[in-house]
Visitor: 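What follows is a structure written as structure tokens; I'll ask about it next.
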Amino acid sequence: MEPEAFRAAAHAVVDLMADYLAGVESYPVLPPIEPGSLAPQFPSSAPEDGEPIEAILADYRRLIEPNATHWQHPGFLAYFGTTASGPGILGEMLTAALGQNPMLWRTSPIGTELEQVVVDWLRQGVGLPEGWDGLLTDTASTSSLIALAGARQTAGIDAASEGLSGRDAVPGLRVYASEEAHSSIEKACMTLGLGRSSLVRVPTDDAYAMRTDALTAAIERDRAAGRQPIAIVVTVGTTSSTAIDPVAAVADVAERERVWLHVDSAYAGAVALIPERRAPFAGWERADSIVINPHKWLFTPLDASLLLTRRMPVLREAFSLVPEYLRTLDRETPVRDYNEYTPQLGRRFRALKLWMQLRWFGLEGLRQRIERHLEMAHTFTGWLDADPAWERLAPVPFSTVCFRWVGDRTLDDAVLDERNAAIMDRVNRTGEVFLSHTRLGGRFTIRLAIGNLRTEERHVARAWELLREAAHAG
Ligand SMILES: Cc1ncc(COP(=O)(O)O)c(C=O)c1O
């Protein structure tokens, strides 16, 4: 693409983007289409001859944009929201144009050093002391995988070079996380060769938080059976109900047992930007690693996950492998080559969008937006608690509310499960809002999660109205 053709096409694309963002609310959040209906609308093989950009963009308007699930929509109240903010999108555009690969300092000096800068800005922003370092990855799943690889490396069996298979002297390694911990922890155990059976799911209390007594008992049992605990994962803001594990009490256990402590605050970690709201995180500075996802509640376009750690050298032991073709021959002083800390070699220049966003919003701008979301969740909780036909199923420490319709409270759980699934489906079919669900205590639970930059109280009020209408409709 010649520079002038690129310029004209890029302007057209920016117009498309701005129009989309300005009008996103006119789309149904969920496209009203059936699975399998899209692929047949595309040619079954790639064109032999190139096509003009106008034709491609016309098809983008016709086939791509309307068939997206609109995460940018203010009525997106499902899962955990992830908004691609304006400055974040601009950062992505420049990232694509610069085409950096900060795998080595040499292959992207600015990609490498800006990553160090924004990691440190965020470290300070969430109130962690000096001595914490870190890196950016694609997702919390990868961040937790890297953290648990670090934990495995500290087990004294050099799994990075010797592996785990066929080694009689290696005891059963164990990782502890609550019953409510995210599936990414279990996947990390699968991927690291520990196996799903290495993950001990610790029971939770009435608020879905890890029970420290149960954790201690599980570790004792495992030690007595000759197994080796290597890591404990606490979650601040679980995926289902945003429960808060007792970080400080678990940190005591981790220190006593000399095991790696990893804090999964992929969603809620953003709240630590607000100094007055740091109570749920107290003690996390004693952990070995922490994950926070800017692509959840810090309005960064997917993907951006922040892995903070006090143990960078251990991560390097777990992942460093420098073949000849990656050596930088003329280098005297050691520099940070990020690929030595991660499973993959090539890396995206994620720091640019974060740098642009942090400057554009300022920490205070981010805090204000998060506060607004917390307030809206509080307001919705008030409406819910005041209506006897509805039942709240978990505390609301952040911006996610878990609840179900119970009517006159005469129906049994099996019927309520069906009715609530139908209510949620009816609400989602309106296209005005999108809610998702989970199960808490075995019960079908509707979740309303506020995290989208465009969500205002009127959208939350509309969700409440739609829920009550759907319940009345039977
Ligand atoms: C607590 C928690 N941890 C980890 C994840 C996984 O995040 P990712 O999609 O970035 O891997 C999620 C996703 O919602 C989460 O809620």
Side-chain angles (χ1 to χ4, degrees), residues 69 71 76-84 88 122 126 134-149 175-192 199 201-202 204 207-210 231-245 247 250 261-272 280-281 284 287 289-308 342-344 348 350 353-354 373 377 394 396-402 434-440 445 447-452:
T69 292
W71 289 73
F76 191 105
L77 302 167
Y79 312 111
F80 288 131
T82 167
T83 317
L122 287 165
V126 299
L135 63 148
L136 300 172
T137 75
D138 54 358
T139 57
S141 303
T142 300
S143 295
S144 291
L145 173 81
I146 294 171
L148 290 179
V175 175
Y176 304 81
S178 93
E179 284 167 346
E180 295 289 323
H182 190 262
S183 54
S184 54
I185 305 304
E186 198 160 334
K187 267 203 186 179
C189 291
M190 291 160 74
T191 311
L192 291 168
L199 182 64
R201 289 282 191 175
V202 179
T204 53
Y208 304 104
M210 180 189 277
I232 306 170
V233 179
V234 280
T235 313
V236 178
T238 58
T239 312
S240 280
S241 71
T242 71
I244 301 165
D245 289 341
V247 182
V250 175
L261 179 61
H262 177 58
V263 180
D264 180 357
S265 54
Y267 151 73
V271 173
F281 305 91
W284 73 342
S289 54
I290 296 173
V291 57
I292 301 171
N293 268 8
H295 76 214
K296 283 190 165 54
W297 209 356
L298 289 176
F299 320 120
T300 308
L302 265 167
D303 51 17
S305 177
L306 170 68
L307 175 63
L308 292 161
T342 64
Q344 85 283 17
R348 302 189 65 228
R350 297 187 181 89
K353 60 187 171 184
L354 278 164
H373 291 166
V396 184
F398 301 113
S399 66
T400 301
V401 190
C402 293
F434 175 28
L435 305 174
S436 62
H437 79 282
T438 187
R439 264 183 201 277
L440 289 173
T445 303
R447 281 168 86 266
L448 180 139
I450 302 169
N452 189 287

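We count ligands from 1, going down the list as the structure has it; atoms in each ligand are counted the same way. Any value given below was found using the heavy atoms of this structure, including those in side chains, with hydrogens, waters and symmetry copies removed. These numbers come from a predicted model, not from an experiment.
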Visitor: Can you tell me how far OH of Tyr176 sits from CG of Leu261, rounded to the nearest 0.5 angstrom?
Guide: 14.0 Å

Visitor: Going through the distances and angles, do Asp138 and His295 end up as a side-chain contact (heavy atoms from CB on, under 4.5 Å)?
Guide: CA-CA 9 Å; Asp138 54 358; His295 76 214; over 6 Å; no

Visitor: What protein heavy atom is closest to atom 11 (O) of ligand 1, reported as residue, atom name and distance in Å?
Guide: Ser141 OG, 2.5 Å

Visitor: Testing Ser241, Cys402, Ser240 one by one against Thr445 for a side chain to side chain contact (heavy atoms under 4.5 Å, CB included), which residue passes?
Guide: Cys402

Visitor: For atom 9 (O) of ligand 1, grab the closest protein heavy atom and report residue, atom and distance to one decimal in Å.
Guide: Lys296 NZ, 4.0 Å

Visitor: Please state which part of Ala266 comes within less than 4.0 Å of ligand 1, counting heavy atoms only: side chain, backbone, both or neither.
Guide: side chain

Visitor: Do Tyr267 and ligand 1 have an N or O pair less than 3.5 Å apart?
Guide: no

Visitor: Counting only nitrogen or oxygen atoms and a 3.5 angstrom limit, does Ala140 reach ligand 1?
Guide: yes

Visitor: Measure Thr139 to ligand 1 on non-hydrogen atoms and call it side chain, backbone, both or neither using the 4.0 Å cut-off.
Guide: both

Visitor: Heavy atoms only, cut-off 4.0 Å: how does Val291 contact ligand 1, side chain, backbone, both, or neither?
Guide: neither

Visitor: Consider ligand 1: state whether an atom of it lies below 4.0 angstrom from any non-hydrogen atom of Asp264.
Guide: yes

Visitor: For atom 6 (C) of ligand 1, find the nearest protein heavy atom and state the residue, atom name and distance (0.1 Å precision).
Guide: His182 CE1, 3.3 Å

Visitor: Could you tell me if the ring centre of Tyr79 sits under 6.0 Å from that of Tyr267?
Guide: no

Visitor: If the contact criterion is a heavy-atom separation under 4.0 Å, does Ser184 count as touching ligand 1?
Guide: yes

Visitor: What do we get for Phe80 next to ligand 1 when only non-hydrogen atoms under 4.0 Å count, side chain, backbone, both or neither?
Guide: side chain

Visitor: Looking only at distances, can you tell me whether any N or O atom of Thr238, backbone or side chain, sits closer than 3.5 Å to an N or O atom of ligand 1?
Guide: no

Visitor: Could you please spell out the steps behind the side-chain contact (heavy atoms from CB on, under 4.5 Å) verdict for Leu199 and Arg201?
Guide: CA-CA 6 Å; Leu199 182 64; Arg201 289 282 191 175; 3.7 Å; yes

Visitor: Which of the numbered atoms in ligand 1 are below 4.0 angstrom from a heavy atom of Gly237?
Guide: 1 (C)

Visitor: Going by atom types alone, do Ser144 and His262 pair a side-chain donor with an acceptor below 3.5 Å?
Guide: yes

Visitor: With a cut-off of 4.0 Å, which atoms of ligand 1 are near a heavy atom of His295?
Guide: 10 (O)

Visitor: Can you tell me how far the CG atom of Asp303 sits from the OG atom of Ser141, to the nearest 0.5 Å?
Guide: 11.5 Å

Visitor: Could you grab the distance from atom CG of Asn452 to atom CH2 of Trp297, nearest 0.5 Å is fine?
Guide: 12.5 Å

Visitor: Arg447: what forms a salt bridge (charged side-chain N to carboxylate O under 4.0 Å, His left out) with it, not counting sequence neighbours?
Guide: none

Visitor: Return the residue, atom name and 0.1 Å-rounded distance of the protein heavy atom closest to atom 16 (O) of ligand 1.
Guide: Thr239 OG1, 2.8 Å

Visitor: Are Lys187 and Leu145 close enough, and set up right, to give a side-chain contact (heavy atoms from CB on, under 4.5 Å), and what steps lead you there?
Guide: CA-CA 8 Å; Lys187 267 203 186 179; Leu145 173 81; over 6 Å; no

